[in-house]
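What you see is a predicted model, and the numbers here were worked out from it, not measured in a lab. Throughout, numbering of the chain's residues begins at 1 and tracks the sequence.
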Amino acid sequence: MRRRLAAAAALALLAACSPPPEPARVPAGDAPFIHVQNLDVITEWDPSRSYSNEIIAFQNLYETLTLWNPVTKKAIPRLATSWRASADGRTWTFNLRPGVTFHTGRPLDAAAVKASIERTMASRTGAFYIWDAVSSIRVEDPVTVTFALKYPVPLDLVASAGYAAYIYDTKAAPDLTKWFNEGRDAGSGPYTVAKWQKGKETELTLKAYDEYWGGWDKPHYSTVQYRVVPDADRAWRMLLRGEVSFVERLNPRLFARAKVTPGVRTSERPSFQTAMLLFNTASGPMKDVRVRRAVQKAIDYQGLIKNLKGAGSPASGIIPEGLMGHVPGRVPRQDLAATQRLLRRAGYGPAGRPLRLRLTYGEGDTDWRLLATRLEATLKPLNVRVETSAMPWTAQWEQGRKKGQDIFVMYWWPDYADGYSYFGNVFHSAEPPVFNLTYLKDADLDALLDTVPELTVTDKQAAQRAYEQATKRVLDQRAAAALPWVVNYQRAYQGSIQGYVDNPAYSDVVFVYELRPSG
């Protein structure tokens with residue numbers, strides 16, 4: 001055993017002293033684009049219900065009427081080539097791209113648009129609420145569809161959503177739910193499902209849809225694979241060896257290496273993805289608001305930002321900068337004296353009862369592990385034991401929906417480039433809980449939030465005031481959560497790949513069709 005350890009140590013020293021190898025060059029053409037992330041890819045196959053990690057694949061399988069452009073910050077054509085709104089903003093007409101077919105072979109026409117959106121609205125799950133303003137959908141002709149609204153909303157922006165805006169073939173099977181759950185798709189995107197292996201490292205493989213309306217005359221990837229690799233060091237080695245194309249997230253140490261490694265490209269930009277610690281307001285020790293405030297104030301916000309080394313920026317309020325509802329001047333600070341006072345008043349602390357808290361986070365996320373370790377060390381001298389569990393996302397989420405933890409750690413990003421979902425889905429009352437994993441039930445907050453979608457169009461100043469009141473209600477009065485940082489996306493990918501653009505409205509999505517592989 002000692003000999004094996006000595007040999008391993010010698011090899012490690014040699015590797016540390018040697019320059020990193022240049023990534024292997026994989027010939028273009030039939031080589032797949034391989035996207036690596038640390039969590040499960042698919043949590044839900046039904047596009048009407050999808051509301052999680054599968055966005056990275058679904059945006060390549062399915063399409064929406066419009067797409068949000070991060071440069072112009074406006075909706076641009078996708079399945080719709082043009083659109084117009086009435087003067088009062090309550091009638092929207094979309095003109096569709098002619099000749100588009102679903103992967104099932106059936107035409108994507110106005111009737112299909114109406115049917116898919118009505119089915120999504122009827123699902124009452126996921127982000128279905130984005131269509132709440134719609135009172136009716138009318139087919140004018142095969143390529144024209146009109147939406148009548150109960151109140152004005154920017155429907156061109158709604159139609160670009162990363163969730164619940166997918167157009168799909170509702171006639172793909174008599175029992176669509178069962179059909180989807182077998183790992184099938186009914187989209188119109190450039191790729192279709194080739195193989196799904198739940199629980200395997202190479203979880204999902206997509207293949208080119210030959211009849212895609214965009215055509216295949218230019219160099220494109222014909223195969224896309226999604227691999228689940230929780231170990232960041234292993235993912236980095238795989239990138240260096242040319243075994244994978246794109247690594248979604250690296251830790252600060254590895255990203256610094258990626259920036260200076262020949263043959264590797266990096267992308268770094270601010271995002272709309274916010275880190276959240278959601279506190280259990282319904283049961284357990286954190287039902288006491290004093291305990292929630294104590295944990296809020298125990299977090300070393302500045303230390304975490306420093307340790308993230310560019311991978312995160314301070315969060316101010318709940319909605320990140322760049323979206324309506326952002327509240328500047330609310331960057332949180334650690335206050336351990338206040339933590340001790342609050343714990344003492346709640347009967348805990350060094351001279352009181354011991355306190356045990358259970359915290360869960362997604363496995364393979366080194367930033368979450370850093371936060372959990374730091375919080376555990378900070379609270380231990382105060383007679384608070386934080387039991388941390390790194391879990392596969394699907395298992396963590398399932399446990400969270402059963403109210404099985406004190407602190408649920410996750411990221412949140414918007415359904416579309418708008419701030420409402422940070423509140424409407426995470427802090428609005430919901431039973432059973434989906435993403436309201438604080439289990440907060442606050443009628444006053446609900447009533448305030450219910451005014452926001454219409455105000456966003458009719459009175460932006462009033463909408464901003466409502467967001468500011470909601471922020472104060474959630475973070476100060478109810479102390480239902482803590483937001484330690486907003487993610488700065490840091491990607492690494494093969495240098496031969498051309499055309500990658502990181503769009504913050506579609507968290508972690510690579511629009512593979514837009515890439516240009518080269519040998």
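The main-chain N or O of Gly189 is found under 3.5 Å from a side-chain atom of His103 such that the two form a donor-acceptor pair. A distance-only check finds a donor-acceptor pair linking the side chain of Gln37 to the backbone of Leu39 [under 3.5 Å]. Of the possible donor and acceptor atoms, none in the side chain of Lys195 sits under 3.5 Å from a partner among the backbone N and O of Thr205. No side-chain donor-acceptor contact under 3.5 Å links Tyr489 to the backbone of Glu248. In this structure, the side chain of Gln494 engages the main chain of Leu239 through a donor-acceptor pair within 3.5 Å. A donor-acceptor pair is defined here as one N or O able to donate and one able to accept, closer than 3.5 Å; such a pair exists between the side chain of Asn488 and the backbone of Gly310. Formation of a donor-acceptor pair under 3.5 Å by the Thr120 side chain with backbone atoms of Ser48 is not found in this model. Of the possible donor and acceptor atoms, one in the side chain of Glu203 sits under 3.5 Å from a partner among the backbone N and O of Val41. At least one donor-acceptor pair closer than 3.5 Å links the side chain of Thr66 to the backbone N or O of Ser160.
The side-chain heavy atoms of Leu370 and Asp367, taken from C-beta on, include no pair separated by under 4.5 Å. Contact of the Trp412 side chain with the Val426 side chain is registered, since non-hydrogen atoms from C-beta on lie closer than 4.5 Å. Annotation: side chain of Phe279 is in contact with side chain of Ile407 (closest heavy-atom distance under 4.5 Å). For the pair Met391 and Trp397, the minimum side-chain heavy-atom distance is 4.5 Å or more. Annotation: side chain of Trp68 is in contact with side chain of Lys73 (closest heavy-atom distance under 4.5 Å). Contact of the Leu176 side chain with the Thr170 side chain is registered, since non-hydrogen atoms from C-beta on lie closer than 4.5 Å. Contact annotation: the side chain of Phe427 never approaches that of Tyr422 to less than 4.5 Å [non-hydrogen atoms, C-beta and beyond]. Inter-residue side-chain proximity for Asn38 and Glu363 is flagged as unmet; no heavy-atom pair is nearer than 4.5 Å.
To the nearest 0.5 angstrom, Tyr51 atom OH is 11.5 Å from Ser123 atom OG. Within the model, atoms CG of Asp109 and CG of Asp141 stand 10.0 Å from one another, a figure rounded to the nearest 0.5 Å. Taken to the nearest 0.5 Å, the OG1 atom of Thr223 stands 8.5 Å off from the OH atom of Tyr191. Here the straight-line distance linking atom CG of Leu483 with atom CG of Leu278 works out to 8.0 Å at 0.5 Å rounding. To the nearest 0.5 angstrom, Thr104 atom OG1 is 9.0 Å from Asp185 atom CG. Between atom CG of residue Leu323 and atom OG of residue Ser421 there is a gap of 9.0 Å, rounded to the nearest 0.5 Å.
Scanning all heavy atoms of the two residues, the minimum distance from Phe408 to Gln396 falls at CE1-O, 3.2 Å. Closest approach of Phe102 to Pro107, counting heavy atoms only: CE1-O, 3.5 Å. Taking both residues in full, the closest heavy atoms of Val486 and Ser271 are given as CG1-O, 3.5 Å, listed atom of the first, atom of the second, then distance. Between Ala161 and Thr64, the shortest heavy-atom distance links the atoms O-CG2, 3.6 Å. Shortest non-hydrogen contact noted between Asn251 and Ala232 is ND2-CB, 4.1 Å. Taking every heavy atom of both residues into account, Ser245 and Phe33 meet most closely at OG-CA, 3.5 Å.
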Exercise. Evaluate the criterion side chain to side chain contact (heavy atoms under 4.5 Å, CB included) for residue pair Ile56 and Val510; output intermediate values, then yes/no.
Key: CA-CA 7 Å; Ile56 65 173; Val510 179; over 6 Å; no

Self-check item: Gln490 vs Leu250, side chain to side chain contact (heavy atoms under 4.5 Å, CB included): CA-CA, chis, key distance, verdict
Solution: CA-CA 7 Å; Gln490 294 182 325; Leu250 292 170; over 6 Å; no

Self-check item: Working for side chain to side chain contact (heavy atoms under 4.5 Å, CB included), residues Trp236 and Thr261
Solution: CA-CA 11 Å; Trp236 168 243; Thr261 299; 3.7 Å; yes

Exercise. Could you walk me through whether Trp368 and Thr388 pass the side-chain hydrogen bond (donor to acceptor under 3.5 Å, both in side chains) test, one step at a time?
Key: CA-CA 10 Å; Trp368 284 138; Thr388 63; over 6 Å; no

Exercise. Before giving the answer on side chain to side chain contact (heavy atoms under 4.5 Å, CB included), spell out for Thr274 and Ile318 the whole-Å C-alpha distance, their side-chain angles and the decisive distance to 0.1 Å.
Key: CA-CA 8 Å; Thr274 302; Ile318 291 175; over 6 Å; no

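Between Trp83 and Phe147, the ring centre distance reaches or exceeds 6.0 Å. In summary, the aromatic rings of Tyr301 and Trp485 are positioned with their centroids too far apart to meet the 6.0 Å limit.
Salt-bridge formation is not detected for the pair Asp40/Lys198: no Lys NZ or Arg NE/NH1/NH2 atom is positioned less than 4.0 Å from an Asp or Glu carboxylate oxygen. Arg97 has no carboxylate O lying under 4.0 Å from a charged side-chain N of Glu63, or vice versa, which leaves the two without a salt bridge. Salt-bridge formation is detected for the pair Arg249/Asp365: a Lys NZ or Arg NE/NH1/NH2 atom is positioned less than 4.0 Å from an Asp or Glu carboxylate oxygen. Taking 4.0 Å as the cut-off between side-chain N and carboxylate O, Arg269 and Asp502 do not count as a salt-bridged pair.
When each of Tyr209, Tyr221, Trp213, Trp216 is checked for a ring-ring contact (aromatic ring centres under 6.0 Å, His included) with Tyr513, only Trp216 meets the rule.
Counting only N and O atoms by type, the side chains of Thr43 and Asn53 include no donor and acceptor under 3.5 Å apart. Using modelled atom types, one finds a donor on one side chain and an acceptor on the other under 3.5 Å when comparing Gln273 with Ser507. Between the side chains of Asn95 and Ser82, at least one donor-acceptor pair of N or O atoms lies under 3.5 Å. No side-chain N or O of Gln225 forms a donor-acceptor pair with one of Thr202 less than 3.5 Å apart.
Around atom CD of Gln498, more than 12 heavy atoms belonging to other residues, nucleotides or ligands sit under 6.0 Å away. A 6.0 Å sphere centred on CZ of Arg227 holds more than 12 heavy atoms belonging to other residues, nucleotides or ligands.
Taking the six-membered ring for Trp and thresholds of 30 and 60 degrees, Tyr62 and Tyr168 have ring planes more than 60 degrees apart, a perpendicular arrangement. Ring orientation note: the planes of Tyr226 and His35 are tilted relative to one another, at an angle of 30° to 60°.
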